[in-house]
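To start, the structure itself, in structure tokens.
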Amino acid sequence: MNFFRKAWLVLKYLGPGWVAFRLSYAWEKRTGALKRRSPLKSWNEIPASAKLPDWLKAPQLPESAKGWGNRCVTEADGVALGEFILFSHHQKHLGMPPNWYHNAFTGQTAPRGQHWSALGDFDFGDIKAIWEPNRFGWAFTLARAHARTGEARLAELFWKLFEDWCAQNPPNDGVNWKCGQEATFRLMAVTFAIAKFGRLPSATEARIKLWSRFVTATGLRIKTNLNYALSQANNHGVSECVGEIIAGLLMEESTETNGLCTSGLISLRSQLDSLIYADGGFSQHSLVYHRVLLCDLLWLIHLLSLSGRDTPDWLIGKVKQALAFLHPLVDAETGGAPLFGANDGSNILPLDECAYDDLRGVVQAGFALLDGVRVYAPGPWDESAFWLIGKDPAAFPLRACELTETWHAQVSGYFQWYSGAARIFFICPTKFLHRPAQADMLHVDMWWKGRPIAHDAGTYSYNTPGVFGGALSLAAAHNVPMLAGREPLQKASRFLYLPWPQGTSEWIESEKRFRATHDGYGGEAQIERSITNSTPEIFTVTDKITVRQPRSVRLRWLLADADWKLDEAARTVTAKFDTENYTISWVGPIPVNAVSLIRAEVGTARGWWSRHYLAVEPAVSLELLFDVEKELVVTTRFAPDGR
């Protein structure tokens, strides 16, 4: 994309105000103005403005906690030995204490003694690998383990790690101060831990004073650069507003910190009005970031309630919208949901023993905190609710979700259809109000009995060399029809596609059919996908591709890792799940030019998926190639038990 076209598209989609701010921000960095606003300091130069309020106390576990599991105790023992769990998956020996600047995945180390504004985002491999232990997920682990065992050594271990982090990360020095959102997540974790450890004998006067300086420094860091976070129109702005408010709740009013709560709430309201859509969807078009949004806001509501402050109606209303969007997507039996959009491994409130991709904890917590009800029967997910409400959620009335057959989030662009034990999830945006996250228009997930049969590939990493470098965000990695060798979206930068596509979607009542299109190929091709369900638990997906000139068209399905058998003559693939077969078949007037079924292809990104950040797992890729003169219509049928 040439410079002038790119500049025009940036102005068109992001607006002149955004461009003006980013130019001004770049000038501030270049001239050192940003560094002067947020200077390097020692901890002794930071006022101890925070106080340990009477309301910040962790509740005692209820009797039902015996059924919640004790994995956190084992993980806490590992932390004592320098073993940390990163991205809810990787066990890494980081040492005790760790090198807080080290990338455990590449061996790279970020420099010390430099202002955060002088460091690049991609100078040390994937910077998220450095940030992950600095999010202090281990603080949740230690506090939850202490709640189970009462062992004083766990509190001492928290303070040992906290003191070392502060010693190695003076205010505004280095990579761990670079992102205000990361500072917010760290503040949330420390606040949770202090509620548990802040009144124990290990919490000496000197340690509490250091914690106070940490809160103040974090609040000031966020405040200094908040406008940059707001300009991103995503989770960064929301998280940093929450961080500013939390710091304000914990800090005494002073000249430097006056009004953090008020200003944070004003900015947060503006963010939520813009970024949470009328149907409850979120601007980042991502399941994982939707959870981040909810965790940010539920934690804020929790602290506002504890502190005796009124929670604004607009905040409760927006959280309820976002929660109502997520709830129907989460399987009540497994906690799984379609892993659409970017997946950066975030689980910023790890308050229960559930797996990373089990979302029942945040859903249960949301309904318990806002409505005083449960939506799931008692289980490990109750622990998340407990920490936010301070009561045993098992005592709350059960209001189970009554799933509707079809669900359409029209503004966000998602459609879901249930038929018995089967469901189909369809990404069908008609207009992007904020930048697309992945080239996943018209992607379909197929689920059966709580498990994905055909699913999204995930992300793997935002910055990595090799075959997985950005590959899983492409259309080629999604379950979509496309022109072979031609992506429908063009990247203008690492996180920005230009132009933004548009499409149509409609429910055709007379045919019981849902139809959607996108214009990512402009005049080169018209892409249409529709889904029907004429027989219980059987869905058909029909793709219609009209090309301007003869082209090769590719249809790919990323399937669950199973022993799929290909029968080219019958045009089927079949696999057994438990004791039942599941069959995918295809039919169309144009013969398939080539068909392939590949599991975890070595040297490419095909046949892989990433459930956890910086990790891949085998999957099975079914690919159909067609030579198309003018128009291709192909129907794919998903049917359990050979029906």
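With Tyr582 as the aromatic partner, Arg451 does not meet the cation-pi criteria of under 6.0 angstrom to the ring centre and within 45 degrees of the ring axis. A cation-pi contact links Arg423 to Trp447, judged by a cut-off of 6.0 Å to the six-membered ring centre and 45° from its axis. For Arg135 and Phe87, the positive end is not near the middle of the six-membered ring at less than 6.0 Å and at most 45° from its axis. By the 6.0 Å and 45° rule, Lys92 stacks over the aromatic ring of Phe105.
Val175 approaches Ala110 most closely through the heavy-atom pair CG1-CB, 3.9 Å. For Met441 against Pro429, the heavy-atom pair with the smallest separation is CG-CG, 4.1 Å. Across every non-hydrogen atom of Gly450 and Asp331, the tightest pair is CA-OD1, 3.6 Å. The two residues Gly243 and Leu187 make their nearest non-hydrogen contact at O-CD2, 3.7 Å.
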Checklist entry - Would Asp563 and Lys565 satisfy salt bridge (Lys or Arg N to Asp or Glu O under 4.0 Å), going step by step from the backbone distance to the final call? => result CA-CA 6 Å; Asp563 187 18; Lys565 304 296 185 183; 3.2 Å; yes
Next on the checklist: Could you walk me through whether Glu333 and Lys449 satisfy the salt bridge (Lys or Arg N to Asp or Glu O under 4.0 Å) test, starting with their C-alpha distance in whole Å, then the side-chain angles of each, then the deciding distance to 0.1 Å, before giving a yes or no?
Outcome noted: CA-CA 9 Å; Glu333 298 301 319; Lys449 293 189 174 181; over 6 Å; no
Checklist entry - What's the verdict on side chain to side chain contact (heavy atoms under 4.5 Å, CB included) for Ser552 and Phe626, showing C-alpha distance, side-chain angles and the deciding distance? => result CA-CA 6 Å; Ser552 178; Phe626 301 86; over 6 Å; no
Item to check | Check against side chain to side chain contact (heavy atoms under 4.5 Å, CB included), Leu298 and Val362 | outcome: CA-CA 9 Å; Leu298 291 175; Val362 68; 4.0 Å; yes
Checklist entry - Should Glu182 and Lys178 be marked as a salt bridge (Lys or Arg N to Asp or Glu O under 4.0 Å) after you check the CA-CA gap, both sets of side-chain angles, and the distance that decides it? => result CA-CA 8 Å; Glu182 297 300 316; Lys178 183 170 178 57; over 6 Å; no
Checklist entry - So Lys128 and Asp126, salt bridge (Lys or Arg N to Asp or Glu O under 4.0 Å) or not? Walk me through it. => result CA-CA 5 Å; Lys128 290 181 63 60; Asp126 192 326; over 6 Å; no
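A distance below 6.0 Å separates the ring centres of Trp138 and Phe136. Taking the six-membered ring wherever Trp is involved, the centroid distance between the rings of Tyr356 and His89 does not fall below 6.0 Å. In this structure, Phe140 has its ring center under 6.0 Å from that of Phe192. The six-membered or imidazole ring of Phe638 lies away from that of Trp586, with a centre-to-centre distance of 6.0 Å or more. Taking the six-membered ring for Trp and the full ring otherwise, the centers of Phe495 and Tyr462 sit less than 6.0 Å from each other. Aromatic pair His443/Phe426: centroids not less than 6.0 angstrom apart. For Phe367 and His327, the ring centers sit closer than 6.0 Å to each other.
A side-chain contact (heavy atoms from CB on, under 4.5 Å) with Trp564 is found for exactly one of Thr572, Ile584, Leu622, namely Ile584. With Trp417 as the partner, the ring pair (Phe, Tyr, Trp, His ring centres under 6.0 Å) test is satisfied by one option alone out of Trp407, Phe539, Phe514, Phe425: Phe539.
Using modelled atom types, no side-chain atom of Glu623 and backbone atom of Leu597 make a donor-acceptor pair closer than 3.5 Å. Judged purely by atom type and a 3.5 angstrom limit, Asp519 has no side-chain atom pairing as donor or acceptor with the backbone of Gly522. Counting only distance, with no hydrogens or angles, the side chain of Ser610 and the backbone of His612 share a donor-acceptor pair below 3.5 Å. Side chain of His285 to main chain of Ser283: a donor-acceptor pair is present (N/O by atom type, distance under 3.5 Å, no hydrogens or angles). Judged purely by atom type and a 3.5 angstrom limit, Trp608 has no side-chain atom pairing as donor or acceptor with the backbone of Val602. For Thr334 (side chain) and Gly336 (main-chain N/O), a donor-acceptor pair under 3.5 Å exists by modelled atom type. With hydrogens and angles disregarded, no donor-acceptor distance shorter than 3.5 Å links the side chain of His478 to the backbone of Val480. Judged by distance alone, with hydrogens and angles left aside, the side-chain atoms of Arg606 form a donor-acceptor pair with the main-chain N or O of Ser621 at under 3.5 Å. A donor-acceptor pair under 3.5 Å links the side-chain atoms of Arg71 to the main chain of Glu353, judged by distance alone. Asp279 contributes a side-chain N or O that, together with a main-chain N or O of Val411, makes up a donor-acceptor pair within less than 3.5 Å.
Under the rule for a salt bridge (Lys or Arg N to Asp or Glu O under 4.0 Å), Lys576 has no partner lying at least two apart in sequence or in another chain. Under the rule for a salt bridge (Lys or Arg N to Asp or Glu O under 4.0 Å), Arg186 has no partner lying at least two apart in sequence or in another chain. For Thr74, there are no side-chain hydrogen bond (donor to acceptor under 3.5 Å, both in side chains) partners at least two apart in sequence or on another chain.
Taken to the nearest 0.5 Å, the CZ atom of Arg144 stands 9.5 Å off from the CH2 atom of Trp68. Taken from CG in Asn103 to OG1 in Thr109, the straight-line distance is 8.0 Å, to the nearest 0.5 Å. Atom-to-atom distance recorded for Thr540:OG1 and Ile531:CD1 is 8.5 Å, nearest 0.5 angstrom. Summarising the geometry, atom OG belonging to Ser239 is positioned 11.0 Å from atom CG belonging to Leu300; distances are rounded to the nearest 0.5 Å. We find the CG-CD distance between Asp296 and Gln271 to be 11.0 Å, quoted to the nearest 0.5 Å. Atoms CG and CG, from Leu472 and Asn343 in turn, are 10.0 Å apart once rounded to the nearest 0.5 Å.
Residues His434 and Asn234 have side chains that never bring a donor and an acceptor to within less than 3.5 angstrom of each other. Between the side chains of Thr504 and Thr430, not a single donor N or O lies within less than 3.5 Å of an accepting N or O. Side chains of Ser384 and Asp352: a donor on one and an acceptor on the other come within 3.5 Å. Between the side chains of Trp448 and Glu537, at least one donor-acceptor pair of N or O atoms lies under 3.5 Å. For the residue pair Gln108 and Thr106, a side-chain donor N or O sits within less than 3.5 Å of a side-chain acceptor on the partner.
A heavy-atom distance below 4.5 Å is not found between the side chains of Pro640 and Glu580. Taking the side chain as every heavy atom from C-beta outward, Asp445 and Phe340 never approach each other to under 4.5 Å. Residues Tyr497 and Ser473 have side chains in contact (heavy-atom distance under 4.5 Å, counting atoms from C-beta outward). At least one side-chain heavy atom of Gln181 sits less than 4.5 Å from a side-chain heavy atom of Asn235. Annotation: side chain of Leu496 is not in contact with side chain of Lys491 (no heavy-atom distance under 4.5 Å). With a 4.5 Å cut-off on side-chain heavy atoms, Tyr376 and Val330 count as touching. Looking at Phe84 and His90, their side chains never come closer than 4.5 Å, going by heavy atoms from C-beta outward. Here the side chains of Thr184 and Met188 are in contact, with some heavy-atom distance below 4.5 Å.
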